[in-house]
Undergrad: 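Once you've had a glance at the structure underneath, I'll fire off some questions.
Quick caveat, the model's predicted, so the values are computed rather than measured. The analysis underlying the following values was restricted to heavy atoms, covering all of them including side chains, and did not include hydrogens, waters or symmetry mates.
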Amino acid sequence: MNKTRLEAFSDGVIAIIITIMVLEIKVPHDGSWDGVINLRWVFLSYILSFVSLGIYWVNHHHLIHAIKKVQGTILWANLCLLFWLSLMPFVTAWMGESHFAKNAVIAYALLSNFCGVSYFFLLLTIKNTHLNQPDVMNLLKYQTSKGGLSAISYLISFIIAFFYPMVSVIIFLVIALIWIIPDKNIERALSNNS
């Protein structure tokens with residue numbers, strides 16, 4: 001199967017998810033700056049989720065660019081990832097509207113765990129279908145090392161959210177920073193693949 005359809009579909013779903021998230025930000029009814037300032041928690045929640053989705057999109061792009069073929073197992077693993085990502089607008093809105101209340105942060109941390117695990121599952125699925133391609137294996141090695149660190153961090157953030165929700169949010173930000181910083185090894189593996 002052609003990987004172009006998988007990439008186009010995934011890009012479209014992620015674009016729709018981001019669009020839904022921004023549409024959840026309600027315009028203040030008054031013309032004062034206080035109305036906008038009152039939305040600060042909603043904006044912070046949106047920014048955090050936008051960055052997280054952006055990170056998934058960039059890494060998904062790298063991943064799909066590197067593979068040679070798409071099999072049914074990859075399609076299902078990709079749909080699993082998109083399912084969990086599609087719940088991001090709900091927890092983002094809840095966290096923003098509740099001013100990062102404990103239960104909303106717990107839900108966000110739990111969803112982040114599911115997103116991370118499903119991305120890791122996609123990596124493993126691709127690995128199992130590309131065992132004889134060292135360039136893809138090289139790329140996956142770098143992705144899985146960061147992914148493992150992220151999975152442990154998301155699990156810690158989930159546990160901490162029960163007691164210190166804002167510390168959990170700080171962990172989300174640190175994870176995002178880890179992924180935003182470009183990994184030269186991934187770029188190198190992709191350039192060798194081209």
Undergrad: On the 0 to 90° scale, with breaks at 30° and 60°, tag the F114-W84 ring pair as parallel, tilted or perpendicular.
TA: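 The arrangement is parallel - the two ring planes meet at less than 30°.
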Undergrad: Looking at every heavy atom in both K26 and L23, which two are closest together, and how far apart are they?
TA: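 Smallest heavy-atom distance, with atoms named: NZ-O, 3.5 Å.
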Undergrad: Quick one: do the S32 and D34 side chains pair a donor with an acceptor below 3.5 Å?
TA: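 No, because no side-chain N or O of S32 sits under 3.5 Å from a partner of the opposite role on D34.
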Undergrad: Same hydrophobic cluster for Y56 and V58, using side-chain heavy-atom links shorter than 4.5 Å among ILVMFWY?
TA: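 Looking at the clustering, V58 is in the same group as Y56.
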Undergrad: About how many Å separate CG of L79 and OG of S86, when rounded to the nearest 0.5 Å?
TA: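 These two atoms lie 10.5 Å from each other.
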Undergrad: Is the shortest heavy-atom distance from the side chain of I17 to the side chain of P89 under 4.5 Å?
TA: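 In contact.
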Undergrad: To the nearest 0.5 Å, how far apart are OH in Y154 and CD1 in I159?
TA: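 One gets 15.5 Å once the value is rounded to the nearest 0.5 Å.
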Undergrad: Using the rule that Ile, Leu, Val, Met, Phe, Trp and Tyr join whenever any side-chain heavy atoms are under 4.5 Å apart, tell me whether V167 and L177 fall into a single cluster.
TA: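 No, no single cluster joins them.
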Undergrad: Extract all donor-acceptor atom pairs below 3.5 Å that involve side chains of residues 121-129 and protein atoms in other chains or at least two apart in sequence.
TA:
{"from": "T125", "atom 1": "OG1", "to": "F121", "atom 2": "O", "distance (Å)": "2.8"}
{"from": "N128", "atom 1": "ND2", "to": "L124", "atom 2": "O", "distance (Å)": "3.4"}
{"from": "T129", "atom 1": "OG1", "to": "T125", "atom 2": "O", "distance (Å)": "3.3"}
{"from": "T129", "atom 1": "OG1", "to": "I126", "atom 2": "O", "distance (Å)": "3.0"}

Undergrad: Mind listing the closest non-hydrogen atom pair of C115 and L81 along with its distance?
TA: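 Smallest heavy-atom distance, with atoms named: O-CD1, 3.7 Å.
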Undergrad: Would you call the rings of H61 and W57 parallel, tilted or perpendicular if under 30° counts as parallel and over 60° as perpendicular?
TA: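 Correct class here is parallel.
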Undergrad: In sequence, state the C-alpha distance, the side-chain angles, and the governing distance for D11 and H60, and then conclude on side-chain hydrogen bond (donor to acceptor under 3.5 Å, both in side chains).
TA: CA-CA 9 Å; D11 288 350; H60 187 274; 5.1 Å; no
Undergrad: Are L173 and Y46 connected into the same hydrophobic cluster when the rule is that any two of I, L, V, M, F, W, Y join if their side-chain heavy atoms are below 4.5 Å apart?
TA: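 As far as the 4.5 Å side-chain criterion goes, L173 and Y46 are connected within one cluster.
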Undergrad: Return the OG1 to CD1 distance between T92 and I18, rounded to the nearest 0.5 Å.
TA: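 Answer rounded to 0.5 Å: 10.5 Å.
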Undergrad: Is it the case that one hydrophobic cluster holds both I25 and I20, taking links as side-chain heavy atoms less than 4.5 Å apart, direct or via other members?
TA: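 Looking at the clustering, I20 is in a separate group from I25.
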Undergrad: Does the pair I160 and I156 meet the rule for a side chain to side chain contact (heavy atoms under 4.5 Å, CB included), with working shown?
TA: CA-CA 6 Å; I160 289 175; I156 291 169; 3.5 Å; yes
Undergrad: Give the minimum heavy-atom separation between H65 and K3, together with the two atoms involved.
TA: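 Looking at all heavy atoms of both residues, the closest pair is O-NZ, 2.9 Å.
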Undergrad: Please table the atom pairs, donor to acceptor, closer than 3.5 Å between any side-chain atom in residues 97-107 and protein atoms at least two apart or in another chain.
TA:
{"from": "S98", "atom 1": "OG", "to": "W94", "atom 2": "O", "distance (Å)": "2.8"}
{"from": "S98", "atom 1": "OG", "to": "M95", "atom 2": "O", "distance (Å)": "3.4"}
{"from": "S98", "atom 1": "OG", "to": "A101", "atom 2": "N", "distance (Å)": "3.3"}
{"from": "H99", "atom 1": "ND1", "to": "W41", "atom 2": "NE1", "distance (Å)": "3.4"}

Undergrad: Name the one of S49, S168, S45, S157 that satisfies side chain to side chain donor-acceptor pair (under 3.5 Å) with Y108?
TA: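 Of the listed options, the one satisfying the test is S49.
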Undergrad: Find out whether V174 and S153 are in side-chain contact, i.e. whether some heavy atom of one side chain is under 4.5 Å from a heavy atom of the other.
TA: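 No, every pair of side-chain atoms sits at 4.5 Å or beyond.
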Undergrad: With rounding to the nearest 0.5 Å, note down the distance linking CD1 in I67 to CD in E7.
TA: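 I67 atom CD1 to E7 atom CD measures 9.0 Å (nearest 0.5 Å).
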Undergrad: I175 and S150: which non-hydrogen atoms are nearest, and at how many Å?
TA: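 Scanning both residues, the minimum pair turns out to be CG2-OG, 3.8 Å.
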Undergrad: Kindly compute the distance separating CD (Q71) from CD1 (I74), expressed to the nearest 0.5 Å.
TA: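 Rounded to the nearest 0.5 Å, the CD-CD1 separation comes out at 6.0 Å.
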Undergrad: Within a strict 4.5 Å, meaning less than it, do heavy atoms of the L82 and S10 side chains meet?
TA: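 Sidechains of S10 and L82: in contact.
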Undergrad: Group every Ile, Leu, Val, Met, Phe, Trp and Tyr by side-chain heavy-atom contacts under 4.5 Å, then state whether F50 and L53 land in the same group.
TA: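 Same cluster: F50 reaches L53 through Ile, Leu, Val, Met, Phe, Trp or Tyr contacts under 4.5 Å.
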Undergrad: Side chain of N59, backbone of I55: donor and acceptor closer than 3.5 Å?
TA: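 Between the backbone of I55 and the side chain of N59 there is a qualifying donor-acceptor contact (under 3.5 Å).
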Undergrad: Working to the nearest 0.5 angstrom, can you tell me the gap between I14 CD1 and L85 CG?
TA: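 Interatomic distance, I14 CD1 to L85 CG, rounded to 0.5 Å: 6.0 Å.
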